[in-house]
Amino acid sequence: MIAFLIPIFIVIFITVFSSGGGNILKGVGDSFSHLRPYFFATKAPDQQEQKQSPLPSTFQKPSTLTPPSFVLDTAITTGPKEKESIADTRVTFEFSGFVNPSSTQGSIFFESKLQGVDTDWVTTQNTRIFNLPAGPKEYTLFARAKLNSIVDQTPASRVFAVNVSPYFQKVTISSLSTATPSLITLKANLKQGEEISITGWKIQGKAGSFQIPLGIERINPFSSLQPGNLITVKASDTVYLSSTRGPFGLGKHFKPNTCMGYLKSSYTFPLAVPSSCSLDKPREEDLLFFLQACQDFIFKKIDFSSCMFPDYSQDITVKADTQCTTYLTGLATGFTYNSCFLRHGDETGFTINEWQVYMNINLLTQRFDTIELLDQNGLVVDQEKYSL
């Protein structure tokens with residue numbers, strides 16, 4: 001029975017399809033198309049696509065770097081030692097480079113960088129010299145060997161400090177004399193108009209030290225309790241530090257002046273002071289009423305550029321002339337330090353450009369030594385070596 005009905009169903013299906021029933025099938029198909037995303041959007045885990053890196057182009061080279069065929073090493077061979085504090089602003093370093101294997105072709109150069117000074121590596125030979133600014137500061141130097149564009153990956157390093165004063169070499173130890181008495185000479189190297197007080201500075205060696213005290217710029221003969229002045233140096237000034245005691249007593253340090261020639265007959269000066277003196281010569285018309293013998297003595301016997309007044313006690317004619325002796329007594333007072341100070345003490349050129357400091361201690365007694373000049377903070381201004 002079923003076999004008999006199959007041909008009949010086939011005929012009915014073809015008839016419906018040909019007469020418009022295809023629209024019904026189309027609608028059914030459209031309905032399935034809306035359901036399609038829900039059934040086919042997600043694949044089973046074992047059906048998911050795997051991401052793969054793109055194959056390198058046949059025209060691209062691999063990005064891996066070829067390691068160098070040699071190893072470099074660097075050493076700092078000359079210069080301040082690690083953590084050393086030096087008293088100089090000029091610093092020299094030397095470098096050595098080593099390559100393994102030693103048969104590697106090429107020349108070794110060096111690159112160095114001083115932290116705080118260089119912004120980048122500086123190519124050098126095996127030596128580099130630095131001229132650093134004055135003032136205390138710590139530095140770190142790095143150095144590395146370089147060969148065929150390859151550099152040492154572990155640079156050598158050195159930490160050191162410059163321990164110098166901001167006044168470094170503005171005042172220098174220009175000479176050391178070990179004669180008796182010994183003498184240390186300081187020289188100012190300053191610009192015009194610049195000046196520095198060195199009171200409170202120290203000069204020292206193995207034999208001891210001496211702190212530079214106050215001094216007297218203009219020695220006033222009318223004041224025995226003169227307050228001290230700062231020992232200030234200007235352009236081209238000189239400071240003499242003598243190991244002996246001063247002519248005016250312990251602790252009396254001074255600037256020589258143009259009137260000190262009048263004191264040389266009364267004091268012993270270990271160091272040189274001006275010897276010339278000057279007093280205005282009287283006019284002839286002022287002595288017209290004096291006897292001829294008195295006039296001759298005044299104009300011929302008295303040297304008004306000398307510091308000494310001549311003795312007239314053996315000249316009977318002059319001594320017997322009361323008018324003359326009275327005048328000569330007053331004239332003689334002009335040949336004194338006091339009178340000279342009153343005449344010239346306020347003049348610009350009254351003092352000369354040096355200081356005399358009397359330490360009363362000999363610092364130059366060692367077989368050989370280094371004398372240091374330190375500022376008020378104990379920083380090195382200058383140093384000088386000597387040997388006996």
For [X], I'd like to know if atom [atom1] has over 12 heavy atoms of other residues, nucleotides or ligands within 6.0 Å.
X	atom1	value
Asn377	CG	yes
Ile316	CD1	no
Tyr337	OH	yes
Glu82	CD	yes
Lys113	NZ	yes
Gln314	CD	no

Checklist entry - Is there side-chain contact between Ser339 and Thr333, with at least one heavy-atom pair below 4.5 Å? => result no
Next on the checklist: In the structure I gave you, are the side-chain heavy atoms of Asp280 and Arg343 within less than 4.5 Å of one another anywhere?
Outcome noted: no
Check ring-ring contact (aromatic ring centres under 6.0 Å, His included) between [X] and all other residues, then give those that pass, not counting sequence neighbours.
X	result
Phe168	none
Phe290	Tyr327
Phe341	Phe350
Tyr267	Phe248

Are the side chain of [X] and the backbone of [Y] linked by a donor-acceptor contact shorter than 3.5 Å?
X	Y	result
Arg218	Gly345	yes
Asn148	Gln105	yes
Ser243	Ile361	no
Arg144	Thr74	no

Checklist entry - What class does the angle between the rings of Phe93 and Phe95 fall in, given that below 30° is parallel, 30 to 60° is tilted and above 60° is perpendicular? => result parallel
Next on the checklist: Name the residue from Thr238, Asp382, Thr172, Asp237 that meets the side-chain hydrogen bond (donor to acceptor under 3.5 Å, both in side chains) definition with Lys187.
Outcome noted: Thr238
Checklist entry - What residues, two or more places apart in sequence or in another chain, satisfy salt bridge (charged side-chain N to carboxylate O under 4.0 Å, His left out) together with Glu94? => result none
Checklist entry - Between Trp201 and Gln376, do the side chains contain an N or O donor and an N or O acceptor separated by less than 3.5 Å? => result yes
Item to check | Sequence neighbours excluded - disulfide (SG to SG under 2.5 Å) pairs with any residue from residues 352-388 | outcome: none
Set of side-chain hydrogen bond (donor to acceptor under 3.5 Å, both in side chains) partners for [X], sequence neighbours left out:
X	value
Thr258	none
Lys319	none
Thr348	none
Asp286	Arg283

Checklist entry - Quick one: do Met260 and Ile231 end up in the same hydrophobic cluster if we chain Ile, Leu, Val, Met, Phe, Trp and Tyr together by side-chain heavy atoms under 4.5 Å apart? => result no
Checklist outcome for this item: Contacts satisfying ring pair (Phe, Tyr, Trp, His ring centres under 6.0 Å) that involve residues 116-145 (not counting sequence neighbours) are Tyr139-Phe160
Item to check | side chain to side chain donor-acceptor pair (under 3.5 Å) contacts touching residues 357-370 (sequence neighbours left out) | outcome: Ser182-Asn362, Gln356-Tyr358
